[in-house]
Amino acid sequence: MAAISREEVAHLARLSRLAVTEEELDRFAGQLDVILQSVARVGEVAAEDIPPTSHSVPLTNVYRDDVPVPSLTQDEALSGAPDAYEGRFRVPRILDEED
Amino acid sequence: MTDLTRMSAADLSKLITAKEVSAVEVATAHLDRISAVDDRVHAFLHVDREGALEAAARVDRGEVTGPLAGVPIAVKDVVTTKGIPTTAASKILEGWKPPYDATIVERLKKAGMPILGKTNMDEFAMGSSTEYSAYGPTNNPWDLGRIPGGSGGGSAAALAAYEAPLAIGTDTGGSIRQPGAVTGTVGAKPTYGGTSRYGLIAFSSSLDTPGPCARTVEDAALLHAVIAGHDPRDSTSIPQPVPDVVAAARLGKQGDLSGVKLGVVKEFTGDGSEPGVSAAFKDSLEALVKLGAEIVEVSCPNFQYALPAYYLIAPSECSSNLARFDGVRYGLREGDDGNRSLEEVMSLTREAGFGAEVKRRIIIGTYALSSGYYDAYYGQAQKVRTLITRDFQSAFEKVDVLVSPTTPFVAFPFGSRTSDPYQMYLADLFTIPTNLYGGPAISVPCGLSEGLPVGFQIMAPTMADDRMYRVAAALESAVGTLTPPAL
């Protein structure tokens with residue numbers, strides 16, 4: 001199995017929306033490598049005919065009757081937000097200036 | 001007067017029901033104990049004195065009754081409590097007050113159980129030592145220089161320090177049982193789906209299971225009965241009646257295990273455990289044989305793959321679940337100076353809000369789920385899950401329950417495993433197979449090694465939670481409970 005490089009950690013951090021520091025990149029690259037080498041053992045039991053289990057309880061769609069019931073109020077839903085504007089969550093701009 | 005903080009929940013309940021003490025007196029005794037010792041133990045992140053006393057007063061006025069009415073409880077900070085700060089021990093949720101209660105919290109309130117406060121834990125329940133809390137570690141009441149286990153170290157330490165008679169934990173890979181083992185308390189992971197996950201801050205949705213922490217098996221069963229049962233708000237909640245765990249614990253207490261077959265997992269008795277842990281486990285087996293149990297050695301060959309499979313599945317689900325912490329709907333927002341884009345603010349917020357272990361797992365999970373690696377890692381891990389389930393099913397055709405030590409080692413000193421994450425992960429070696437399978441398991445104190453508690457684990461088939469309580473109570477009757485040194 002390929003070792004996990006510092007560049008790869010940086011890429012994964014970007015995908016995960018984590019602005020990791022240079023120091024973290026060095027540290028994580030080493031640690032993640034050890035973890036991945038250790039967990040690679042799952043590959044030893046690769047039999048094709050074994051079905052995967054995603055959940056220990058068989059999952060089925062659960063429906064209820066379509067009756068309106070009370071939910072969080074708008075104020076309650078916004079109560080933990082870092083910023084709100086006219087009853088809505090306010091977010092920083094989504095497009096870059098060049099866009 | 002008897003020290004109310006030293007009593008079991010069952011005994012407190014009897015006194016309250018007989019009106020020999022008031023619920024307010026019981027809550028006050030525990031709140032005072034927290035004030036006296038928690039600066040050394042640090043089991044609590046938040047104490048709700050006012051709320052606990054109000055709830056106790058309602059019991060004293062006769063507004064709420066029930067088997068545990070008036071018995072106070074501590075709740076792990078990963079469980080939402082309306083109006084009480086809930087952080088999952090993370091900076092990213094600092095100061096957040098949920099606008100709703102988790103189902104299990106609703107049930108505690110309905111049962112008249114005053115909530116003393118929220119207990120410390122590894123951030124987002126990721127860890128085995130409570131050293132990854134963003135608010136500082138919890139100290140083990142047996143030795144303040146050692147870890148109290150994780151991730152529910154706060155809940156277990158609160159019990160061992162006599163700050164609460166009962167506590168709520170959550171178990172994703174052993175986070176109820178492992179802290180129970182290293183603090184000399186009882187921790188039970190119910191069948192997955194037997195207790196509702198609604199209102200838990202999700203870590204790994206296919207594994208997370210809330211459950212009871214207590215100082216005696218009967219107390220754990222009493223709390224189990226309060227919180228368990230079907231919840232229509234959780235699609236993985238099992239719509240079946242909960243087995244009578246309280247009756248099973250009381251039956252076990254009588255100390256007769258004639259006809260009960262205990263399966264010793266061969267793969268867990270090798271050289272993985274400290275000698276003192278193996279010795280306490282062996283002595284406990286002998287005690288159980290004296291009660292009439294029969295010991296059968298069983299092989300679960302795929303258990304050796306449980307730890308690697310878990311460390312692919314849990315981070316994968318965590319990387320997805322923790323995507324919701326984006327600085328928009330709740331919690332921290334960093335770097336929003338009017339010039340930065342949403343994506344930049346999100347990255348800066350998550351960098352500032354998450355600790356090292358959480359970041360490590362998010363990155364591992366992102367890797368395991370990424371294109372090209374999915375089949376080799378996540379897909380394989382899910383196949384291992386099938387094999388482990390088959391191991392359990394075939395074992396339970398031969399025996400009633402499986403037994404093992406709960407942890408391979410006793411509480412270790414702070415800092416001794418944090419530099420090597422994989423060494424830390426080994427703390428959950430014996431507890432993880434059960435989470436992958438979904439069945440119930442309990443840890444009961446079974447003796448000391450070098451003056452520190454050792455836990456004995458009992459694993460049962462799915463929805464046979466009563467079976468493990470019976471064996472656990474029998475063991476407790478034979479070996480007794482442990483008393484930590486005075487703080």
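Every chain is numbered from 1 and lettered A, B, ... according to where its sequence line falls, protein lines coming before strand lines. These values consider heavy atoms only, across backbone and side chains, with no hydrogens, waters or symmetry-generated copies.
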Considering only heavy atoms, which portion of [X] lies under 4.5 Å from any heavy atom of chain A: side chain, backbone, both, or neither?
X        : result
B/Val328 : both
B/Thr236 : both
B/Ala368 : neither
B/Ala309 : both
B/Asn302 : side chain
B/Ser419 : backbone
B/Tyr425 : side chain
B/Tyr192 : both
B/Phe354 : side chain
B/Arg340 : backbone
B/Ile363 : both

Measure from the ring center of B/Tyr100 to the ring center of B/Tyr198 and say whether it is less than 6.0 Å.
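Centroid separation for B/Tyr100 and B/Tyr198: below 6.0 Å.
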Nearest 0.5 Å, what's the CG-CD distance between B/Asp375 and B/Gln380?
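B/Asp375 CG to B/Gln380 CD: 8.0 Å, rounded to 0.5 Å.
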Any Lys/Arg nitrogen of B/Asp208 or B/Arg197 sitting under 4.0 Å from an Asp/Glu carboxylate oxygen of the other?
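The answer is no: the pair does not qualify as a salt bridge.
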Between the side chains of B/Asp171 and B/Lys189, is the shortest nitrogen-to-carboxylate-oxygen separation below 4.0 Å, so that they form an ion pair?
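No, B/Lys189 and B/Asp171 are not salt-bridged.
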Residue part contacting chain B, namely of [X], when any heavy atom lies under 4.5 Å:
X       : result
A/Val39 : both
A/Thr73 : neither
A/Leu59 : side chain
A/Ser79 : side chain

Partner residues of B/Arg350 under the side chain to side chain donor-acceptor pair (under 3.5 Å) criterion, sequence neighbours left out
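Applying side chain to side chain donor-acceptor pair (under 3.5 Å) to B/Arg350 gives none.
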Answer yes or no on whether A/Arg90 is positioned over the face of A/Tyr85, meaning its NZ or CZ is under 6.0 Å from the six-membered ring centre and within 45° of the axis.
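Judged by the rule (NZ or CZ under 6.0 Å from the ring centre, within 45° of its axis), A/Arg90 is not positioned above A/Tyr85.
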